[in-house]
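Read the structure below first, then the notes.
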Amino acid sequence: MPELPEVETVARGLRETILGRRILSVRLNKTDFIDDPAAIERNVPGRRIEAVERYGKFMLLRLSSSSDNDSGASLLVHLGMTGHLVPKPAAAPSEKHTHVWFALDDGRELRYTDARRFGRMAYLAGKELRDELQRFGAEPLDIDDAEFARRIRGRRARIKSLLLDQSVLRGVGNIYADESLWCAKIHPARLGSSLNARQAAALRRALQEILRKAIHLRGSSISDFLDAEGEPGNYQLHHRAYGREGKKCHRCGALIRRAIVAGRSSYFCPCCQPAPRGARALPLPKRVRRLPPNWAESRRLSAGRNAKGGAARL
DNA sequence: CGTTGAACCTGTTTGC
DNA sequence: TGCAAACAGGTTCAAC
């Protein structure tokens, strides 16, 4: 589910709702997605949430230091594909697949729910934390043309693979990789080293514009993304490539195609995004893929929220 | 270096 | 209708 814009949306929401709260206690259900469950039970209770930051697709809950050398001690939360982190009144019934409850000092609980448990949670401080964060690449919203070109044009891997590689850029996932490649008219199977400076610059610009706009619209809700208020995002209404196999390209009218690149479904316009040698799209399916279950619901909410601009059609 | 496929786990959609 | 296969926005690891 969550890529950079979705995680940013959740982080902003939490910043407004739980900043400054003290965590009184922790309750755990399944723990196979937690690095060291005992470390959380031991270190988190009694701490205050002093900041909520996003780092790539991670959320960092910065905790007040309890004593010694644990300054900057943080709770790292990665939502995986189906994770939700939402504060609820302690009396509210817990959703299915809730695995962590942080009791707050105001009668609420910050709850982590994750059906697939592809997420990750860890308590990290000091060098452990620094080492963990160091593994990741540049922040996509901050990177400049020179740095972007350095990280992309020197590589022989496919551009799609590079965009998804968290040690190259932190926070880009399948949706925003495809959307920015469509916008910059670059085929996902192109090699990083095959892009000229102009194309790299166009891609960096497309990526940043799309991420900013997606954050503005509170992320994309394809099936089950919900922000920290339990609301879906609206950016899925602006997708130009992702999930649009067999539909018309908004630029040229050709039918959007799908191919597996870097092991992931990749959507592109065969006309605007010319394929490198050997890259082939999958045959178009007989029937267009069905819309995700809460599409109508998302559209309804977006209609209310963005009253002015007729929401783009899928 | 880079690619591919499998694995982690559950829910939903698709295809026969 | 029913059931099995395919698929899902993520990451990691082994094997080649």
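The structure displayed is predicted, hence computed values, not measured ones. Below, chains carry the letters A, B, ... as their sequence lines are ordered, and counting in each starts from 1.
If you take atom P in dT10(B) and the same atom in dT1(C), they sit 29 Å apart, rounded to whole Å. Taking atom P on both dA6(C) and dG5(B), the two are 14 Å apart, rounded to the nearest angstrom. As rounded to the nearest Å, dA7(B) and dA5(C) have P atoms that lie 15 Å from one another.
Protein atom CG of Asn174(A) is 12 Å distant from nucleotide atom C1' of dC7(C), rounded to whole Å. Arg117(A) has its CZ atom 9 Å from the C1' atom of dC8(B), to the nearest Å. dG10(C) atom P lies 18 Å from atom OH of Tyr55(A), rounded to whole Å. Rounded to a whole Å, the CZ atom of Arg190(A) is 16 Å from the P atom of dG2(B). Counting to the nearest Å, the P atom of dT10(B) and the NE2 atom of His99(A) are 8 Å from each other. Between the CZ atom of Phe225(A) and the C1' atom of dG10(C) there is a distance of 15 Å, rounded to whole Å. Computed from coordinates, the Asp32(A) CG to dG10(C) P distance equals 20 Å when rounded to whole Å. Atom CG of Leu162(A) is separated from atom C1' of dT3(B) by 12 Å (rounded to the nearest Å).
For Asp178(A), the salt bridge (charged side-chain N to carboxylate O under 4.0 Å, His left out) partners are Lys160(A), not counting sequence neighbours. Not counting sequence neighbours, the partners of Glu8(A) by the side chain to side chain donor-acceptor pair (under 3.5 Å) test are Arg12(A), Arg54(A). Under the salt bridge (charged side-chain N to carboxylate O under 4.0 Å, His left out) criterion, Asp105(A) pairs with Arg21(A), not counting sequence neighbours. Remark: Glu229(A) engages Thr17(A), Arg218(A), Asp227(A), Glu231(A) in a side-chain contact (heavy atoms from CB on, under 4.5 Å) (not counting sequence neighbours). Residues satisfying the salt bridge (charged side-chain N to carboxylate O under 4.0 Å, His left out) test with Glu50(A), not counting sequence neighbours, are Arg48(A).
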request  = Convert the base pairs of DNA chain C into dot-bracket notation, remembering that pairs crossing earlier ones are written with [ ] and that bases paired across to another strand are shown as |; include only Watson-Crick or G-U pairs under 3.5 Å.
outcome  = .|||||||.|||||||
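Among pairs with a residue in residues 150-180 of chain A, those fulfilling ring-ring contact (aromatic ring centres under 6.0 Å, His included) read Tyr176(A)-Tyr235(A), at least two apart in sequence or across chains. Sorted by first then second residue, the ring-ring contact (aromatic ring centres under 6.0 Å, His included) pairs that include residues 178-202 of chain A, not counting sequence neighbours, are His187(A)-Phe268(A). Counting only residues at least two apart or on different chains, the side chain to side chain donor-acceptor pair (under 3.5 Å) pairs with a member in residues 55-64 of chain A are Glu53(A)-Arg62(A), Arg62(A)-Ser74(A).
Distance check: Gln236(A) CD to Ile222(A) CD1 gives 6.0 Å after rounding to the nearest 0.5 Å.
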Pairs under 3.5 angstrom, nitrogen or oxygen only, protein versus nucleotides 3-6 of chain C, please.
none

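Checking Phe118(A), Phe58(A), Tyr112(A) one by one against Leu79(A), the side-chain contact (heavy atoms from CB on, under 4.5 Å) holds for a single residue, Tyr112(A).
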key: Per-nucleotide protein contact string for nucleotides 11-16 of chain C (B base, S sugar-phosphate only, - none; heavy atom under 4.0 Å)   = SS----
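When the side-chain nitrogen and oxygen atoms of Thr82(A) are compared with OP1 and OP2 of dG10(C), none of them lie within a distance under 4.0 Å. OP1 or OP2 of dC8(B) has not a single side-chain nitrogen or oxygen of Lys30(A) nearer than 4.0 Å. Distances shown here put every side-chain N or O of Arg155(A) at or beyond 4.0 Å from the OP1 or OP2 atom of dC1(B). Contact annotation: His97(A) does not reach the phosphate of dC9(B) (side-chain N/O to OP1 or OP2, under 4.0 Å).
Think of Val261(A) as one node in a network of Ile, Leu, Val, Met, Phe, Trp and Tyr side chains linked at under 4.5 Å; it has no links at all.
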request  = Please test His84(A) against Thr82(A) for side chain to side chain contact (heavy atoms under 4.5 Å, CB included), starting from the C-alpha separation and ending with a verdict.
outcome  = CA-CA 7 Å; His84(A) 296 154; Thr82(A) 51; over 6 Å; no
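Distances were taken from every side-chain heavy atom of Ala157(A) (C-beta onward) to each of dG10(C), dG11(B), dT3(B); the shortest belongs to dT3(B). Of the candidate nucleotides dG11(B), dA8(C), dG2(B), dA8(C) has the atom nearest to the side chain of Arg116(A).
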